S.K.: 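Got a structure for you, questions after.
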There are 2 protein chains.
Amino acid sequence: MLNRLHQPKDTEGIVDSAVQAVAERAQDHVDASRLAASLAALAQFGGRDDGGVSRETLTAIDLSARRHLVDQARALGCQVSIDDCGNLFFRRAGTEELPPVLTGSHADTQPVGGKYDGAYGVLAGLEVIAALNAAGIETVRPIEVVSWTNEEGSRFGPGAMGSSAFVDPARLAGYRDAADQAGVRFGDALDAALAASPDVERVPMARPMSACVELHIEQGPVLEAAAVPLGVVTGIQAVRWFRVECAGTMAHAGTTPMAVRRDAMAVAVAIAQDLYALAPREPGSTGSTGAPELRLTLGQWAVVPNSVNTIPGKVTFTVDMRCLDDAALDRAGAALRLACTRHAPASDVAITRFFHRGPTYFPEAMLASIQRACARASQLAGRAPPMRLTSGAFHDAMYLADHCPTAMIFVPSKDGISHNAAEETDATDLFLGAQALAYTVAELACRRP
Amino acid sequence: MLNRLHQPKDTEGIVDSAVQAVAERAQDHVDASRLAASLAALAQFGGRDDGGVSRETLTAIDLSARRHLVDQARALGCQVSIDDCGNLFFRRAGTEELPPVLTGSHADTQPVGGKYDGAYGVLAGLEVIAALNAAGIETVRPIEVVSWTNEEGSRFGPGAMGSSAFVDPARLAGYRDAADQAGVRFGDALDAALAASPDVERVPMARPMSACVELHIEQGPVLEAAAVPLGVVTGIQAVRWFRVECAGTMAHAGTTPMAVRRDAMAVAVAIAQDLYALAPREPGSTGSTGAPELRLTLGQWAVVPNSVNTIPGKVTFTVDMRCLDDAALDRAGAALRLACTRHAPASDVAITRFFHRGPTYFPEAMLASIQRACARASQLAGRAPPMRLTSGAFHDAMYLADHCPTAMIFVPSKDGISHNAAEETDATDLFLGAQALAYTVAELACRRP
Ligand SMILES: [Zn+2]
Ligand SMILES: [Zn+2]
């Protein structure tokens with residue numbers, strides 16, 4: 001999978017004061033109550049009594065939500081378009097026909113999700129357009145707000161279908177064959193969605209974009225713990241998923257002497273213990289060296305036959321390894337292989353890497369622009385200055401980073417909770433995030449090539 | 001639960017040579033082909049194409065098998081009776097009206113079991129009667145062959161209902177309310193079985209018995225590994241079952257820094273690792289000290305939510321601890337509690353002991369009788385002398401040990417496999433086991449009080 005590292009462009013070294021003034025004016029025209037009303041209105045689509053939202057991709061509820069977004073965007077004067085993967089684009093024209101500045105996120109949710117995961121990034125994008133309209137600002141470049149199809153991947157796997165297909169349209173053919181639990185094909189659900197939008201112009205995928213900024217809730221506890229409202233996301237951690245299968249011999253817990261046992265769980269536990277001992281030895285574990293932290297999760301376990309008085313004959317568990325530093329993952333993978341060798345004959349343990357994705361580094365020029373935007377918004381609100389952090393979760397921006405200079409802004413998640421009805425973010429933080437986005441998008445859209 | 005330790009009786013110190021001569025004659029009249037035919041005939045009831053047997057307790061197949069056993073016993077001249085728990089007794093009269101010598105086992109199987117688990121003990125008992133008949137031996141005490149109801153406990157829990165209710169009839173009322181997966185009550189299935197035997201005399205439970213001998217396949221690998229055909233079972237291991245519940249906080253594998261995680265699996269693995277390190281430090285682990293071995297099995301695991309990229313919020317696992325020495329289980333229980341304290345705050349780990357049973361020691365006088373029987377049978381066959389071992393599995397004899405002097409004889413299980421269609425024992429070993437049983441039962445039944 002292509003994952004280029006974008007280097008900063010020197011042309012952006014000097015900050016144009018006229019552009020700054022426009023960016024500040026855009027930021028200052030973001031309206032907290034308009035944003036809150038917009039978030040509340042979309043949350044009605046699939047809204048649940050417990051405060052959560054159930055709006056899986058391309059369901060009837062999602063199609064209603066899409067229609068609502070189209071109507072909102074048109075009311076703001078946007079030109080609406082859609083591509084072959086159902087991604088919706090809301091365009092505010094620039095003074096020149098240059099590649100647009102893209103912002104947005106996704107409007108689909110997990111089976112039970114919250115009001116802000118994805119939706120916040122789309123609606124904050126529309127709020128930026130409302131703010132530009134209110135301020136009477138004209139930008140050089142067009143601005144497009146995007147709502148990507150199927151970021152969550154819960155109904156149809158994998159996730160981030162819309163953004164990854166936009167970047168590499170060859171992916172779409174494979175995605176179309178993905179089926180949900182009811183046997184519905186993604187391709188058929190997509191065609192129905194496209195047919196339901198005959199009034200929306202079809203645009204090609206992989207169109208040139210000048211830059212992309214995604215605003216999202218953190219879905220983790222870092223900003224909240226630091227009492228910082230705005231995070232400058234430096235990149236997205238690399239991920240490797242392994243399946244470790246330990247083979248043993250099922251036998252009676254009472255009648256089988258310890259010396260003759262082939263206990264798959266004893267092997268699995270010994271390997272797992274070696275892995276847990278690994279993370280604290282990695283450079284980033286103390287947080288003091290500035291090295292990216294290695295994160296290890298052994299989340300999924302299957303035991304056969306899973307009976308109180310039978311020695312396990314097979315234990316399978318997964319290892320989710322993440323780090324912004326790919327070399328740390330190389331070390332962790334080697335440590336996993338070593339642990340398996342230490343605790344069982346090679347024939348008794350099989351390791352399969354069943355998913356991997358390299359790290360995404362957002363370019364420094366983009367980070368600098370976001371840093372300025374976040375610093376000003378925080379300062380005016382009397383809050384702590386922005387901090388830099390990495391994203392541990394995947395986002396559409398991860399794929400867009402393969403296509404154009406890209407970056408992300410995070411706002412805090414209460415208790416770090418996401419993919420849950422209890423997902424929550426302070427209204428003030430949501431407002432500050434939209435302000436930072438307005439500044440960034442305006443600055444990027446006012447720059448000449 | 002009552003579990004008295006039977007001490008040897010001094011009255012049996014001197015071996016009466018006339019009794020020995022009778023016992024030898026009984027042993028020598030056991031017929032290998034008659035036994036094999038008897039085993040093959042019962043295996044037809046619930047017989048499977050893969051060689052296994054599916055004959056769960058009180059099913060239609062089990063009722064047919066019971067009728068078959070009644071017919072076989074009557075053909076041998078036995079008087080047949082049944083008690084309120086459906087236990088079947090096949091009685092060969094003695095010359096005096098003394099408490100009988102009891103032998104037998106169970107005729108029910110696991111959903112998929114083998115031909116010998118339980119059935120072997122019942123049919124070897126009938127073979128003993130056939131041998132006594134053939135030899136024209138009269139015994140002082142009556143001999144009864146028993147087929148206990150529901151030893152396996154797979155259809156209705158708990159197991160060993162018949163033998164435990166025989167010993168303590170107050171248990172039966174509670175057992176009657178046990179229901180199978182189809183909602184059928186044990187009490188109703190039992191009443192149907194009793195109604196299907198109007199020609200069988202009803203006898204009281206808890207009747208006095210002078211002794212009990214159960215012949216059974218080992219269901220473990222010890223005899224096979226030692227190439228020994230006959231095992232003198234010294235007792236049944238004590239068992240304690242614990243459930244360990246580790247609480248954590250579900251969170252995203254990518255977005256949650258290691259330092260703020262409450263990872264239930266990391267805690268569970270650390271506790272499990274401490275437990276696995278425990279068994280090799282116990283006295284019996286080397287096999288050289290003669291101390292009984294501590295056996296530990298962590299067989300059943302549940303992980304919530306059990307997802308690759310979510311930090312486990314709850315991990316529950318079971319610990320099956322067995323040893324003939326209760327003190328070793330006290331130490332292991334203390335080690336489990338210590339491990340939990342070491343690796344998590346007390347509020348994060350809950351330990352529940354959800355089953356326990358103290359050790360059963362078979363009395364030395366019974367062991368001496370079995371030892372003589374096994375030694376002679378092995379020697380005449382040119383095989384290795386008998387060895388002493390403990391039973392790691394429960395058996396009906398465990399309950400009878402609370403009622404009268406009791407012991408068990410084991411024959412090898414190929415590859416230690418049981419509760420499986422692949423369960424197998426050499427025909428010669430089955431024959432030697434029946435010989436040893438004939439000797440023991442004849443000796444016990446010829447002794448005057
Ligand atoms: Zn999202
Ligand atoms: Zn059995």
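Worth saying up front: this structure is predicted, and the values here are computed from it rather than measured. Just so it is clear: chains get the letters A, B, ... in the order the sequence lines come, proteins before strands, and each one is counted from 1.
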S.K.: Using a cut-off of under 4.5 Å for heavy-atom pairs, which of B/C323, B/A277, B/A393 has the most such pairs with chain A?
M.R.: B/A393
S.K.: Under a 4.5 Å heavy-atom cutoff, which of B/D320, B/V315, B/V260, B/N306 has the most pairs with chain A?
M.R.: B/N306
S.K.: Using a 4.5 Å cut-off on heavy atoms from C-beta on, say whether the side chain of B/V308 contacts that of A/F355.
M.R.: no
S.K.: Pick one of side chain, backbone, both or neither for B/R261, based on which atoms fall under 4.5 Å of a heavy atom in chain A.
M.R.: side chain
S.K.: On a heavy-atom basis, which atom in A/R322 and which in B/G254 lie closest, and how many Å separate them?
M.R.: CD-CA, 3.3 Å
S.K.: Given a strict heavy-atom distance threshold of 4.5 Å, which part of B/T297 is in contact with chain A: side chain, backbone, both, or neither?
M.R.: both
S.K.: Select, from B/I236, B/T256, B/V319, the one with the greatest count of heavy-atom pairs under 4.5 Å involving chain A.
M.R.: B/T256
S.K.: Please classify the contact between B/W301 and chain A as side chain, backbone, both or neither, with a heavy-atom cut-off of under 4.5 Å.
M.R.: both
S.K.: So which bits of residues 264-274 of chain B come within less than 4.5 Å of chain A, counting non-hydrogen atoms only?
M.R.: B/M265, B/A266, B/V269, B/A270, B/A272, B/Q273
S.K.: Under 4.5 Å from any heavy atom of chain B, what part of A/F242 do you find: side chain, backbone, both or neither?
M.R.: neither
S.K.: With rounding to the nearest 0.5 Å, note down the distance linking CD1 in B/I311 to CG in A/L296.
M.R.: 10.5 Å
S.K.: Less than 4.5 Å apart, any side-chain heavy atom of A/F317 and any of B/V303?
M.R.: no
S.K.: Using a 4.5 angstrom heavy-atom cutoff, name the option from A/S307, A/G220, A/P305 with the most pairs to chain B.
M.R.: A/S307
S.K.: Rounded to the nearest 0.5 Å, how far does CE of B/M250 lie from CD1 of A/I417?
M.R.: 10.0 Å
S.K.: Side chains of B/P257 and A/E293, heavy atoms from C-beta outward: is any pair under 4.5 Å?
M.R.: yes
S.K.: Taking side chain as everything from C-beta outward and backbone as N, CA, C, O, which of these in B/N309 sits under 4.5 Å from a heavy atom of chain A? Side chain, backbone, both or neither.
M.R.: both
S.K.: Between A/Q219 and B/T255, which heavy-atom pair has the shortest distance, and what is it?
M.R.: O-OG1, 2.5 Å
